[in-house]
Amino acid sequence: MHAKLTPPRSAVEVFTGFLSIGARAFGGVLPWAHRVMVEERRWLAPRDFSEMLALCQFLPGPNIVNMSVVLGRRWFGLRGAAAGFLGLMALPFVWVLLLAALYADWASHPAVRAVVSGVGIAGGGLFLGTALKLGRPLASRPVALALVAGCFVAVGLLRVSLLIVLPVAVVLALLGARGRLL
Amino acid sequence: MLELLLWFALLSLLSVGGISTILPEMHRIVVEANGWVSAAEFTQLFAVSQAAPGPNVLIASLIGWKVAGFTGALVALAGICLPAAALAWWVGGLWERFRDAPWRALVQRALLPVTVGLVFAGGYVIATPAGLDWRSALIACASAAALYATRLNPLWILGGGGVAGAALFG
């Protein structure tokens, strides 16, 4: 993990990087974004990725789409942002239309449904694994872990709207950070 | 089609945390208020957008497709993405400008636990489409562990999930 970072050298590289995220983003985009940008291409340090994700999570819109715009801008301005955004969306846009065309014929087949459910659940598992990776720096901080648990229970188990959970959690977190508890 | 663009642009700016936040509102606009697709179709389109790789906002392009074909799909996707992307562009610029400000370090320290909690929650919601039972818990925990502890390509993990799904749910 301590190898040297290699940020993209051109907008084309931004495009192909995000294209490779979108191409394989079965089961959710975030695990693939982390894998490609942090582990495969080493565009970002793990910490930088977490910070970006935190920012993008709090903006409206899908977090990785936001990330493609913010990072693209950081590296190559408007060209970079457009390259990241289009790279990320191009293939999924085609996949989803193709799949919609096929789905009508296959959806009622029980074996197909079973496989699709399994893949979907494993996709959820990839999110959990990515959360573990992102949360590693928090392991020794009890207040931070309590906040993680609180957000999980409110949003995951109780299904409280993010429009309520986010403001409350952010205020608590800022207070905690000011008091040097986080 | 202009209506489609405007409604989705409005949803775009409300979609803090992604599509799951606005799904109920989208259902209201698309099914109940405008009758663009039926409730059953909406559920089916959502399932397709979940199964396809890529951001779940792609449900917007499927709805656009139903309304006005390929152009509709592009227009709907632009509507749901561009306002939020423009905001991200602007905020991203500010964020970089204040790179060394002390308050930014504070905000980052505060946001990390919230972000991690939300990613856990997202994983839980995706992994339990029909409520929690031992089979989904098994598949989800096994794939989480495989991602965390090995350098296995996640495609293998998803493939394993498919095989497990066929064995356990078939």
Side-chain angles (χ1 to χ4, degrees), chain A residues 22 25-27 29 31 50-51 53-55 57 59-63 65-66 69-70 73-74 81 85 92-93 95-96 99-100 103 111 114-135 138 144 147-148 151-152 155-156 162 166 169 173-174 177 182, chain B residues 12-18 21 48-55 57-58 61-62 65 81 84-85 87-89 91-92 95-96 106 108-127 136 139-140 143-144 147-148 154-155 157-158 161-162 164-166 169-170:
Chain A
F26 293 92
V29 189
S50 306
E51 289 173 5
L53 181 64
L55 173 68
Q57 191 99 276
L59 294 171
N63 46 24
V65 176
N66 289 336
V69 171
V70 176
R73 174 180 185 164
R74 178 201 283 183
F85 176 81
F93 179 73
W95 292 163
V96 84
L99 197 67
Y103 190 76
V115 171
V116 169
S117 317
V119 173
I121 293 166
L126 295 185
F127 271 71
L128 299 175
T130 305
L132 287 174
K133 290 183 185 178
L134 296 174
L138 304 175
L147 205 53
V148 170
C151 290
F152 171 74
V155 176
L162 275 182
L166 272 184
L174 285 173
L182 292 177
Chain B
S12 175
L13 291 174
L14 292 174
S15 62
V16 174
T21 321
V48 171
S49 71
Q50 291 263 299
V57 282
L58 287 165
S61 53
L62 291 176
W65 178 272
C81 282
L87 188 68
W89 163 269
V91 174
W95 191 247
E96 302 289 338
L106 181 90
Q108 273 167 359
R109 214 150 21 100
L111 293 191
L112 182 60
V114 180
T115 303
V116 172
L118 292 180
V119 178
F120 270 120
Y124 180 81
V125 170
I126 296 171
S136 46
I139 299 176
S143 40
L147 185 77
Y148 184 75
L155 281 178
I157 302 175
L158 293 172
F169 299 113

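Numbered from 1 within each chain, the chains take letters A, B, ... in sequence-line order. Fair warning: this is a prediction, and the values are worked out from it, not measured in the lab.
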Open item on the list: Heavy-atom pairs under 4.5 Å with chain A: which of B:A110, B:A52, B:G122, B:S12 has the most?
Closed with: B:A110

Task: Option that, when pairs with chain A are counted at under 4.5 Å, heavy atom only, ranks first among B:Y124, B:F120, B:W65 - done: B:F120

Task: Pairwise distance CD1(A:I121) to CZ(B:F169) - rounded to 0.5 angstrom - done: 3.5 Å

Open item on the list: For A:A169, which atoms come within 4.5 Å of any heavy atom of chain B: side chain, backbone, both, or neither?
Closed with: both

Task: Residue selection (most heavy-atom pairs with chain A, distance under 4.5 Å) from B:G92, B:G170, B:A166, B:S49 - done: B:A166

Task: Max heavy-atom pair count under 4.5 Å with chain B, selected residue of A:V29, A:T130, A:L55 - done: A:L55

Open item on the list: Only pairs of heavy atoms separated by less than 4.5 Å count here; which of B:G117, B:P53, B:G165, B:G54 has the most with chain A?
Closed with: B:P53

Open item on the list: Looking at every non-hydrogen atom in both residues, tell me the closest pair between A:V119 and B:G162 and how far apart they are.
Closed with: CG2-CA, 3.6 Å

Task: Option that, when pairs with chain B are counted at under 4.5 Å, heavy atom only, ranks first among A:G22, A:G125, A:A81 - done: A:G125

Task: When A:G123, A:G135, A:A131, A:A100 are compared by non-hydrogen pairs under 4.5 Å with chain B, the top option - done: A:A131

- [ ] Go through A:V116, A:L147, A:V65 and name the one with the most non-hydrogen pairs under 4.5 angstrom from chain B.
- [x] A:L147

Task: Nearest heavy-atom neighbours spanning A:F26 and B:L155 - done: CD1-CD2, 4.0 Å

Open item on the list: I'd like to verify something: which residue of A:V70, A:L134, A:L174, A:V115 has the highest number of heavy-atom pairs under 4.5 Å with chain B?
Closed with: A:V115

- [ ] Side chain from CB out, backbone as N, CA, C, O: work out which of these in B:W89 comes under 4.5 Å of a heavy atom of chain A, or both, or neither.
- [x] both

Open item on the list: If I measure from the heavy atoms of chain B, does A:V96 come under 4.5 Å with its side chain, its backbone, both, or neither?
Closed with: both

TODO: Provide the closest heavy-atom pair for B:L58 versus A:P92 in the form atom of the first, atom of the second, distance.
DONE: CD1-CB, 3.4 Å

Open item on the list: Out of B:S61, B:P154, B:C81, return the one with the most heavy atom pairs under 4.5 angstrom to chain A.
Closed with: B:P154

Open item on the list: At a heavy-atom distance under 4.5 Å, which candidate from A:A122, A:A111, A:G129 has the highest pair count against chain B?
Closed with: A:A122

Open item on the list: Need one label for B:V57: side chain, backbone, both or neither, based on atoms under 4.5 Å from any heavy atom in chain A.
Closed with: side chain

Task: chain A contact via B:A164 - which portion, at a heavy-atom distance below 4.5 Å - done: neither

Task: Heavy-atom closest contact (B:A121 atom, A:G156 atom, distance) - done: CB-N, 3.5 Å

Task: Region of B:S136 in contact with chain A, defined by heavy-atom distances below 4.5 Å - done: both

- [ ] Let me know if A:L132 has heavy atoms under 4.5 Å from chain B in its side chain, its backbone, both or neither.
- [x] both

- [ ] Test B:L118 against A:L166 for side chain to side chain contact (heavy atoms under 4.5 Å, CB included), laying out the working first.
- [x] CA-CA 9 Å; B:L118 292 180; A:L166 272 184; 3.8 Å; yes

Task: Shortest non-hydrogen separation from A:V69 to B:A85 and the atoms involved - done: CG1-O, 3.7 Å

Open item on the list: Let's test your reading of the structure: which of B:I139, B:I157, B:L87 forms the most heavy-atom pairs below 4.5 Å with chain A?
Closed with: B:I139

Open item on the list: Quick check: do A:N66 and B:V91 have side-chain heavy atoms less than 4.5 Å from each other?
Closed with: no

Task: Separation of A:R73 CZ from B:W95 CH2 (nearest 0.5 Å) - done: 14.5 Å

Task: Contact origin within A:V155 toward chain B - heavy atom pairs under 4.5 Å - done: both

TODO: Against chain A, label B:V125 side chain, backbone, both or neither, depending on which of its atoms sit under 4.5 Å from a heavy atom there.
DONE: both

Task: Proximal component of B:L14, with respect to chain A [non-hydrogen, under 4.5 Å] - done: backbone

TODO: Check each atom of A:F93 against the heavy atoms of chain B and say whether the ones under 4.5 Å are side chain, backbone, both or neither.
DONE: both

Open item on the list: I want to check something: taking the side chain as every heavy atom from C-beta on, are B:S15 and A:P60 in contact at a cut-off of under 4.5 Å?
Closed with: yes

Open item on the list: Show the nearest heavy-atom pair for residues A:G61 and B:A84, with the distance to one decimal.
Closed with: CA-CB, 3.7 Å

